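Start at 1 and go down the list; that is how both ligands and their atoms are numbered. Just so it is clear, the values below take in all heavy atoms, side chains as well, and ignore hydrogens, waters and symmetry mates. Computed from a prediction, not measured in an experiment: that's the story for all the values here.
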Amino acid sequence: MAWDDTASKVWMDGEFVDWKDATIHSLSHVVHYGTSVFEGIRAYNNENGVAVFRLKEHVRRLFDSAKIYKIPIPFTEEEIAEAIKDTVRENGLTSCYIRPIVFRGYGELGVNPLNCPVNVVIAAWEWGSYLGEEGMANGVDIGVSSWRKPAPDTFPALAKCGANYMNSQLAKIEAIENGFDEAIMLDYTGYVSEGSGENIFLVEDGVLHTPSLGSSNLKGITRDSIIKVAGDLGMEVIEETIVRERLYLADEVFFTGTAAEVTPIRSIDRKVIGIGKRGPIAEKIQSTFFDIVEGKVEDKYGWLDYI
Ligand code: PPE
């Protein structure tokens, strides 16, 4: 049977409520000013059980994002981690996507958020390949957006906050309207930053390159995982500033992200990248990643948290 969202339970401020009751007031601070921080986490069903991927790191980043915006989360990291696992359990989910979100709720309106309550919600659902099954195997077509990422002294990129995604939406809409699967955005100085919801890697002569933090990109947990995995596979990984035209000339380019996992890119701005389909290094990284999350190899990094 296909997963039915409407039958699900949502964790709200410490207790489970029915899907239809997981609502907030339209005058909540978050509705008007985008006052939220959130995470996207995947759980995988493998031979050993249902494993949440890098749960501790995701919860840590949620608290880090909240710290930047002075949003005091009224639970401990351990309590949120437990609640995330409970949400998967309560819904009888196996492989799924989990979305914890912390936001300023109903209090008073006006930009000052400090007098509004802080609410925490955790939902989970089944979510297949972010950019399609076909894209995972053959690569996706992307375009460089005319919209840039915000400068570092505007929206802090290391905070995964709801409002950042207004910027991502501009890029995503433009990409779709231009017939692309996804956008790649440049930072305010014109260097490569990231996708609307993914980090990006280039392969040049067998060496991996990814924009360093400081290119207005998110400190992706999949990005970090791939850097470690590639290193262990004997590949060199360089974090640096990357000019746009290197995207076109790379042997391979791929996205990483919780939702996108490892998604190869076959064209950028209608220029064919490398062999025009998933390349051997993207394939190796992708299969190693899936071997880990699917429990086919030893979890030597301690990345899997079983429910
Ligand atoms: N950059 C951005 C802007 C981003 O949103 C994500 C995750 C990443 C990089 C990769 O980070 P990580 O998941 O830690 O490897 N995007 C999330 C939201 C996607 C959505 O459409 O919503 C995700 O993948 O869960």
Centre of Y130's six-membered ring, under 6.0 Å away, within 45 degrees of the axis: is that where NZ or CZ of K172 sits?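 Ring-cation test returns yes.
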
Y248 six-ring centre to K271 NZ/CZ under 6.0 Å and within 45° of normal: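 Geometry flag: set, cation within 6.0 Å and 45°.
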
Tell me, please: is [X] in heavy-atom contact with ligand 1, that is, under 4.0 Å?
X    : value
R99  : yes
S196 : yes
R61  : yes

What part of E198 sits under 4.0 Å from ligand 1 if we count only heavy atoms: the side chain, the backbone, both or neither?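 For E198, the contact with ligand 1 is made by the backbone alone.
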
Provide the number and element of each atom of ligand 1 under 4.0 Å from a heavy atom of I221.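 That gives atoms 12 (P), 14 (O), 15 (O) of ligand 1.
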
Verify the neighbour count for atom CD of E240: are there more than 12 heavy atoms of other residues, nucleotides or ligands below 6.0 Å?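 Result for CD/E240: enclosed.
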
Should we count CH2 of W147 as having more than 12 external heavy atoms under 6.0 Å?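 No, the 6.0 Å shell around CH2 holds no more than 12 heavy atoms from other groups.
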
Selection from W127, Y97, F255 by shortest heavy-atom distance to atom 25 (O) of ligand 1: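 Of the listed residues, Y97 has the closest heavy atom.
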
Looking only at heavy atoms, which two atoms of C116 and H29 are closest? And how far apart?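 In this case the closest contact between C116 and H29 is SG-CD2, 3.7 Å.
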
Do any nitrogen or oxygen atoms of F38 lie less than 3.5 angstrom from nitrogen or oxygen atoms of ligand 1?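 It does not: no N or O of F38 is found under 3.5 Å from an N or O of ligand 1.
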
